[in-house]
Amino acid sequence: MLLEGLPYVLTPMTLDDVPFVAEIERRVFPSPWPATAFRYEIAQNAASRYLVLRYRPWIHRGVKARRRGLWQLLQRAPSDDPSLIGYGGFWLIVDEAHISTLAVRPEWRGRGLGELILSSLIAKALKEHAQLITLEVRASNVVAQNLYRKYGFRVVGRRKGYYSNNREDALIMSIERANELLYRQRFAELRAKLRARLLAQPNTPPEQLLETAGNGQGESHNH
Ligand SMILES: CC(C)(COP(=O)(O)OP(=O)(O)OC[C@H]1O[C@@H](n2cnc3c(N)ncnc32)[C@H](O)[C@@H]1OP(=O)(O)O)[C@@H](O)C(=O)NCCC(=O)NCCS
């Protein structure tokens, strides 16, 4: 189990998560999906698979950690959910998984958690027998492209002027033959490395989040 002994939980996105997801979405993307789009995905789109990642320190450190850490955060920011680290999702159409979104709250970045969400989406897609895993990414979004390359995505095409806010091109990146042994072995190795990384790091809430929780101020990231 990738998350055993770690203070994170991954669960299917629910309607209760949507306001908090939409808040992160608004901070992270220049053309954010509205809450209604996420509600549609969860309640009406049978092809969609969405996950949320949360910080749950008490799962491995007990009630004391809950009182001192996250619980404090929640008290200070009732309209936000600072424990919600990020989310991602894909559409499964026959044997093709199309990753539609992936985001990590800015304060939690650089800890392997975007990778954790992506790898969990891929694991779910493989479990559901996807052969092709594909996505679009902004041509300028080098960080996300690096992550996708690490997991074996290759650029297979370009959509000119795909993004409506600035007419930026999208790169189409795909893993072909994802269900074959070769990819599965590589994927298992990446997961093992990710788990080792997560176990080795402190996994405490980001200082920045503790400082800003409750004042509604957040940096805005374009991708
Ligand atoms: C893309 C995103 C999900 C990555 O999340 P993250 O938690 O910061 O990334 P991780 O710490 O898991 O890093 C995983 C990999 O991403 C790449 N990466 C992460 N940060 C990077 C940086 N600052 N510069 C270059 N590459 C970076 C690396 O390949 C890294 O692997 P490594 O740690 O072995 O070098 C996050 O930056 C994000 O939410 N961005 C805004 C939304 C977005 O662009 N979504 C994708 C839309 S297609």
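Indexing begins at 1, ligand by ligand and atom by atom, following the structure's order. The shown structure was predicted, so the numbers you read here are calculated from the model rather than taken from an experiment.
- With a 4.0 Å cut-off on non-hydrogen atoms, Y148 touches ligand 1 through its side chain and not its backbone.
- Within the 4.0 Å heavy-atom cutoff, R197 counts among the residues contacting ligand 1.
- Counting heavy atoms closer than 4.0 Å to ligand 1, residue N141 contributes side-chain atoms (C-beta onward) but none from N, CA, C or O.
- At a 3.5 angstrom cut-off on N or O pairs, V142 does not count as close to ligand 1.
- A salt bridge between R138 and D169 is absent, with no side-chain N of the basic residue lying under 4.0 Å from a carboxylate O of the acidic one.
- Relative to atom 31 (O) of ligand 1, the option among K150, R105, E25, R27 with the closest non-hydrogen atom is K150.
- Checked against ring pair (Phe, Tyr, Trp, His ring centres under 6.0 Å), F38 has the following partners two or more places apart in sequence or in another chain: W33, Y87.
- Of the heavy atoms in R138, none comes closer than 4.0 Å to ligand 1.
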Tell me which donor-acceptor pairs under 3.5 Å the side chains of residues 88-95 have, and how far apart each pair is, sequence neighbours excluded?
| residue | atom | partner | partner atom | Å |
| --- | --- | --- | --- | --- |
| W91 | NE1 | E41 | OE1 | 2.7 |
| W91 | NE1 | E41 | OE2 | 3.4 |

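- The proximity of R111 to ligand 1, defined as any non-hydrogen pair under 4.0 Å, is limited to the backbone.
- Side-chain contact between S100 and Y50 is present, with at least one heavy-atom pair separated by less than 4.5 Å.
- Contact check on E189 versus R184 returns no salt bridge, with no Lys/Arg side-chain nitrogen under 4.0 Å from an Asp/Glu carboxylate oxygen.
- Within the 4.5 Å cutoff, side-chain heavy atoms of E176 are placed close to those of V156.
- Remark: ligand 1 and G112 share an N or O pair separated by less than 3.5 Å (distance only, no angle test).
- Looking at L102, L190, V143, L194, it is V143 that brings a heavy atom closest to atom 20 (N) of ligand 1.
- When the heavy-atom distances from atom 14 (C) of ligand 1 to I99, L147, I24, T101 are ranked, the shortest goes to L147.
- Here the CZ atom belonging to R186 is positioned 14.0 Å from the CG atom belonging to L181, to the nearest 0.5 angstrom.
- Remark: R49 engages E128 in a salt bridge, criterion side-chain N to carboxylate O under 4.0 Å.
- For ligand 1, the polar-atom distance check finds an N/O of E115 within less than 3.5 Å of one of the ligand's N/O atoms.
- Taking only non-hydrogen atoms, the option from L198, V104, L135, N146 nearest to atom 39 (O) of ligand 1 is V104.
- For atom 9 (O) of ligand 1, the choice among S140, A170, G114, S119 with the nearest heavy atom turns out to be G114.
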